Every structure is written in C-alpha cells, then in structure tokens.
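Worksheet: one structure, shown below.
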Amino acid sequence: MRKRILILKACGGSDEPHECNGICEQAQLYGIESVCKYVKNNEDLEDLLYSHGLFDYIYLSAHGNSEGFSSEDEKVNMSWQKLAMLLCKSKCMNEDSILMLSCCRGGLMEVAYDIFLTCQQICYVLGPRQSLTSADMHICFGIFLYNMEIRSADPVVACEKIKLATDQHFSCYDRQEESISLSNYREMHYGYE
C-alpha cells in the first residue's frame, strides 16, 4: 500500500509555501501520496484531520514553543495535548506513523511526552530543538525523508543524519524507547502513574 503524508500549512509566514511545497514535491518523488492543506483556524484543522483518510506522516508547519503551536495571526492556536487528542480522535494516522513538527522547539522532550501521553496512536515525534528558518526546515526534513524512504533507515537514525549533514539539532522520540521516561514524566507532571 502506498504511503501518505499530510502537510499542514498553519504558520502563515511568507516562506512557508516554499518549504511545504518542497516537502510535498520531495515526498511525491519517493512515491508518497501527498495532501498539502492550508489551515485557516482551529476548526479547519480539526476538519482536515477528519476528512482526508489515513497517513504515515503528518507534517505541521507552525510557530511553536513548549506549550503548543500557532499561526502568525493567532487564528490557529492550540496546545500540543489538544493536537494529540484531535489526531487520536480522528484516527488519521496509520500504525508506526510519524508526527513531523516544523515548529520552533518542536523537538523538545516535553512536547513529545505531552503528545505521547495524550495519544497512544502516535509512535514517533520529530522536530527541531531550536528556532530555524523555513529553508532550514525544508533541508532538514528533506534529509529525514530521504533517509526514511530511500535508505530505509529507522526514524531515530534518519533524524541523526540531519545533524551530520547540517549541524542542526533535531530530536526524534520513539514511544517504545521512551516508555520508562514517559512513566516518570507522567508522575512528575500529572501526579499519577
């Protein structure tokens, strides 16, 4: 069965179309069916997740921090937990799917753990640990996709290739590898095991 990627343009920046369209074109080069959508507001995001089927990759372009993500005009403004809840409820992700966060701070452990604790269906969360430009995001996620699809690398290894090629610090969190740390995080931040 052919892989699919959903690319969500939620940032609103002038460079965003070039970044996202580039990722879309690269995915198609690798035989991945691409669905690229502009996100107007939170309700539109929810509708998009429910209406386009199942995906192996979801690529979110937005402004981000440890709390959540938004668009430049703040019409899209959501916590990571709310996004994870929508991804879970919409059942739009295939098994072993990867959430690619093209957002500043999208690669923070706290972001990945909040997502994992909210939705059991998400297996991998990938993103940068620092602020980057759209050009940086395009190149870095392109390296990741190349290593996943052409080199058949494990997602964590494919993420490590980003730093080797660009010196940019991205993180890829694997739900199964993080299970013990997730339990500790849950207890510290949510008060239960």
Side-chain angles (χ1 to χ4, degrees), residues 5-17 19-20 23 35-52 55 57-93 97-134 136-138 140-141 144 155 159 162 168-175 178 181-192:
I5 185 170
L6 174 62
I7 299 168
L8 300 166
K9 300 178 191 177
C11 177
S14 61
D15 292 342
E16 182 182 46
E19 171 195 343
C20 293
I23 294 294
V35 177
C36 195
K37 296 292 182 180
Y38 170 72
V39 181
K40 296 178 220 134
N41 53 45
N42 289 357
E43 294 76 27
D44 188 41
L45 175 58
E46 187 169 352
D47 291 343
L48 290 169
L49 294 177
Y50 276 91
S51 61
H52 290 285
F55 295 94
Y57 299 100
I58 294 185
Y59 186 93
L60 173 66
S61 171
H63 292 292
N65 61 31
S66 62
E67 309 276 317
F69 65 96
S70 68
S71 58
E72 285 187 359
D73 63 9
E74 300 267 334
K75 289 181 180 177
V76 177
N77 192 343
M78 190 175 287
S79 71
W80 296 117
Q81 293 92 344
K82 173 74 174 172
L83 174 65
M85 184 187 73
L86 288 175
L87 291 169
C88 234
K89 283 186 173 185
S90 67
K91 298 182 180 175
C92 64
M93 299 183 84
S97 58
I98 299 172
L99 181 58
M100 302 165 73
L101 301 176
S102 179
C103 315
C104 297
R105 305 296 190 183
L108 294 178
M109 179 189 69
E110 179 181 345
V111 170
Y113 284 14
D114 284 343
I115 290 169
F116 287 151
L117 289 171
T118 306
C119 181
Q120 303 292 315
Q121 292 173 320
I122 301 168
C123 294
Y124 298 94
V125 175
L126 167 71
R129 296 185 56 87
Q130 72 279 359
S131 299
L132 295 175
T133 66
S134 286
D136 290 322
M137 296 289 198
H138 175 252
C140 293
F141 281 109
F144 177 79
C159 181
I162 294 170
Q168 300 295 344
H169 191 173
F170 272 60
S171 295
C172 182
Y173 296 93
D174 177 341
R175 168 186 291 288
E178 301 293 334
S181 298
L182 270 171
S183 295
N184 294 337
Y185 182 83
R186 177 187 294 126
E187 189 174 341
M188 281 177 30
H189 293 277
Y190 298 99
Y192 60 90

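These numbers come from a predicted model, not from an experiment.
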Without swapping roles, check the side chain of [X] against the backbone of [Y] for a donor-acceptor pair under 3.5 Å.
X    : Y    : result
R175 : F116 : yes
E16  : A10  : yes
S71  : G12  : no
W80  : F69  : no
D47  : Y50  : no
Y173 : G107 : yes

Just wondering, do [Y] and [X] contact through their side chains at under 4.5 Å, heavy atoms?
X    : Y    : value
N42  : V76  : yes
M137 : P128 : yes
L45  : L83  : yes
V111 : R105 : no
L108 : S171 : no
H63  : E72  : yes
I122 : I58  : no
D136 : T133 : yes

Q.
How close do M85 and T118 get, counting heavy atoms only, and between which atoms?
A.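 That closest heavy-atom pairing would be N-CG2, 3.6 Å.
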Q: Kindly give the heavy-atom pair with the smallest separation between Q130 and H169, and that separation in Å.
A: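 Shortest heavy-atom separation between Q130 and H169 comes out as OE1-O, 3.0 Å.
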Q.
Which residues pass the disulfide (SG to SG under 2.5 Å) test with C104, not counting sequence neighbours?
A.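 Once residues adjacent in sequence are excluded, C104 has no partner under the disulfide (SG to SG under 2.5 Å) criterion.
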**Q.** disulfide (SG to SG under 2.5 Å) partners of C88, counting only residues at least two apart
**A.**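 Per chain and number, C88 pairs via disulfide (SG to SG under 2.5 Å) with C119.
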(Q) My understanding is that only residues two or more places apart in sequence, or in another chain, count here; which of them pass ring pair (Phe, Tyr, Trp, His ring centres under 6.0 Å) with F141? (A)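 With neighbours one apart ignored, the set is Y59, F170.
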Q: Output the distance between atom NZ (K82) and atom CG (L87), rounded to the nearest 0.5 Å.
A: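 Those atoms lie 11.0 Å apart.
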